[in-house]
K.L.:
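Before we start, here is the structure in question, set down as structure tokens.
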Amino acid sequence: MRPEIDTVALDVRANHARAMLADMFLDQAFGPAALVSSFGAEAAVLLHMVSEVAPDAPVIFVDTQMLFQETLDYQLELTQRFGLKDVRRVTPDSVAVRRNDIFGRLHLKDTDACCALRKTAPLAGALSGFDAWVTGRKRHQTGDRADMKLIEATDGKIKVNPLAHWSRGDTQSYFARHELPRHPLVETGFRSIGCAPCTSPVAAHEDDRAGRWRGSHKDECGIHIVDGRIVRTAA
């Protein structure tokens, strides 16, 4: 395929994603909205787009207090570089952590409980004042995400996935075109980056999220699961 065709296709996808973000943050098509970002391996794409469309849009970053230091540094770097004006760092409830995971070892016996304590519950609280939220999920990342819709209605809120149909190549091309900084761990084989104890590098033939909770059947932290199932209801 000729490079100029790739360029045109990327422009179409990027313009469509930006239009969705404008609907969300400028027109508030679904009411007050926030972007939820892990500041992980591919997060810079959507953060860059938001900075172009609505740099004052609320951006929620859940710091589980078990993240890689590289992720914390990357969050500060992207926030400053993109001029994001409302990044909200959310942490787990300190009382709940002392009660349930005082030694930081809950993940060794119950990863679901650890994710619920350190990510799902803090995010739910942070989203309580919003009617809608934006994610950077993509269909190619895991089999469970393969039929994900652009717009979903879950748990009483609208969830929008502007990059759902993006391929890994689209993401790489966008990084290159806009000279976006990479998460420092990407060059060591991490393609999806969560908490340090539960994330490992992946091989070229593996799904992007194969390194999350490796050795278990778990591949979602819980924020995209309602009543025990991945929800993909079309809005």
Side-chain angles (χ1 to χ4, degrees), residues 1-25 35-54 57 59 61 68 70-71 73-75 77-79 81-82 84 133-152 159-194 199-214 219-221 223-224 230 232 234:
M1 184 177 291
R2 296 179 302 169
E4 61 266 23
I5 296 178
D6 286 342
T7 297
V8 170
L10 180 62
D11 284 342
V12 170
R13 288 184 172 89
N15 288 337
H16 182 256
R18 289 190 189 95
M20 294 186 72
L21 293 173
D23 286 343
M24 293 290 289
F25 295 118
L35 167 66
V36 175
S37 178
S38 67
F39 285 83
E42 298 182 341
V45 170
L46 202 51
L47 289 163
H48 179 258
M49 288 184 179
V50 168
S51 75
E52 293 182 320
V53 173
V59 178
F61 168 57
F68 292 96
E70 288 89 341
T71 298
D73 294 341
Y74 191 55
Q75 182 263 310
E77 178 186 2
L78 292 186
T79 298
R81 176 162 177 162
F82 295 161
L84 299 167
W133 53 299
V134 178
T135 89
R137 295 184 302 158
K138 304 169 190 71
R139 292 171 184 159
H140 74 81
Q141 290 171 325
T142 66
D144 282 332
R145 295 182 176 184
D147 60 349
M148 179 175 57
K149 305 297 189 296
L150 286 170
I151 301 174
E152 306 167 313
K159 182 163 56 178
V160 177
N161 311 298
L163 307 182
H165 56 292
W166 280 44
S167 68
R168 187 182 300 168
D170 292 331
T171 300
Q172 302 310 313
S173 295
Y174 193 94
F175 263 91
R177 167 176 287 192
H178 296 280
E179 299 182 338
L180 303 183
R182 294 280 187 179
H183 189 295
L185 293 178
V186 167
E187 64 182 16
T188 62
F190 291 81
R191 293 206 305 268
S192 179
I193 302 166
T199 308
S200 61
V202 298
H205 67 278
E206 291 183 303
D207 288 337
D208 286 357
R209 294 175 63 83
R212 306 289 292 275
W213 308 282
R214 188 178 288 281
D219 64 4
E220 293 283 353
C221 63
I223 65 174
H224 301 296
I230 307 291
R232 310 183 188 88

K.L.:
So R13 and L163, side chain to side chain contact (heavy atoms under 4.5 Å, CB included) or not? Walk me through it.
P.N.:
CA-CA 8 Å; R13 288 184 172 89; L163 307 182; over 6 Å; no
K.L.:
Report the C-alpha distance between T71 and Q75 in whole Å, list the side-chain angles of each, state the deciding distance to 0.1 Å, and finish with yes or no for side-chain hydrogen bond (donor to acceptor under 3.5 Å, both in side chains).
P.N.:
CA-CA 6 Å; T71 298; Q75 182 263 310; over 6 Å; no
K.L.:
Taking the side chain from S37 and the backbone from F61, do they hold a donor-acceptor pair closer than 3.5 Å?
P.N.:
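Not confirmed, S37 side chain does not pair with F61 backbone.
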K.L.:
Is there side-chain contact between P162 and V134, with at least one heavy-atom pair below 4.5 Å?
P.N.:
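Yes, their side chains come closer than 4.5 Å.
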K.L.:
Mind checking whether H165 and D170 have side chains closer than 4.5 Å, heavy atoms only?
P.N.:
no
K.L.:
Tell me, do L185 and Y74 make a side-chain contact under 4.5 Å, heavy atoms counted?
P.N.:
no
K.L.:
Counting C-beta onward and ignoring hydrogens, is there a side-chain heavy-atom pair between M49 and Y174 closer than 4.5 Å?
P.N.:
yes
K.L.:
Side chains of V160 and M20: closer than 4.5 Å at any heavy-atom pair?
P.N.:
yes
K.L.:
Quick one: pull up CG in D11 and OG in S173 and give me the separation to the nearest 0.5 Å.
P.N.:
10.5 Å
K.L.:
Show the nearest heavy-atom pair for residues L21 and V53, with the distance to one decimal.
P.N.:
C-CG1, 4.1 Å
K.L.:
List the steps, then state whether side chain to side chain contact (heavy atoms under 4.5 Å, CB included) holds for E70 with V186.
P.N.:
CA-CA 10 Å; E70 288 89 341; V186 167; over 6 Å; no
K.L.:
Scan N161, V36, L46 and name whichever one has a side-chain contact (heavy atoms from CB on, under 4.5 Å) with T135.
P.N.:
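Single pass found, and it is N161.
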K.L.:
Using every non-hydrogen atom in the two residues, find where A203 and R191 come nearest and quote the distance to one decimal.
P.N.:
O-NH1, 3.2 Å
K.L.:
Do N15 side-chain atoms and V12 backbone N/O form a donor-acceptor pair below 3.5 Å?
P.N.:
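No; zero donor-acceptor contacts below 3.5 Å.
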K.L.:
Using the benzene-type ring in the case of Trp, are the ring centres of F68 and H183 under 6.0 Å apart?
P.N.:
no
K.L.:
Look at R18 together with D23 and state whether they make a salt bridge at an N to O cut-off of under 4.0 Å.
P.N.:
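Not counted as a salt bridge, because no side-chain N and carboxylate O are separated by less than 4.0 Å.
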K.L.:
Applying salt bridge (Lys or Arg N to Asp or Glu O under 4.0 Å), run through R81 and E179 and close with a yes or a no.
P.N.:
CA-CA 12 Å; R81 176 162 177 162; E179 299 182 338; 5.6 Å; no
K.L.:
L78 and P181: which non-hydrogen atoms are nearest, and at how many Å?
P.N.:
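Taking L78 first and P181 second, the nearest heavy atoms are CD2-CG, 3.5 Å.
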K.L.:
Are any of the side-chain heavy atoms of F25 and L35 separated by less than 4.5 Å?
P.N.:
yes
K.L.:
Given E42, which partner from the list R168, R182, K138 fulfils the side chain to side chain donor-acceptor pair (under 3.5 Å) test?
P.N.:
K138
K.L.:
Taking the side chain as everything from C-beta on, heavy atoms only, tell me whether V45 gets closer than 4.5 Å to F175.
P.N.:
yes
K.L.:
Is the side chain of R139 donor-acceptor paired with the backbone N or O of M148 at a distance under 3.5 Å, no angle test?
P.N.:
yes
K.L.:
Parallel, tilted or perpendicular: which describes the rings of F82 and H48, with under 30° parallel and over 60° perpendicular?
P.N.:
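Rings of F82 and H48: perpendicular, over 60°.
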K.L.:
So which atom in S192 and which in T199 form the shortest heavy-atom distance, rounded to 0.1 Å?
P.N.:
O-CG2, 3.3 Å
K.L.:
Given side chains that start at C-beta, do those of E152 and R137 come closer than 4.5 Å, heavy atoms only?
P.N.:
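Side chain of E152 against side chain of R137, heavy atoms only: contact under 4.5 Å found.
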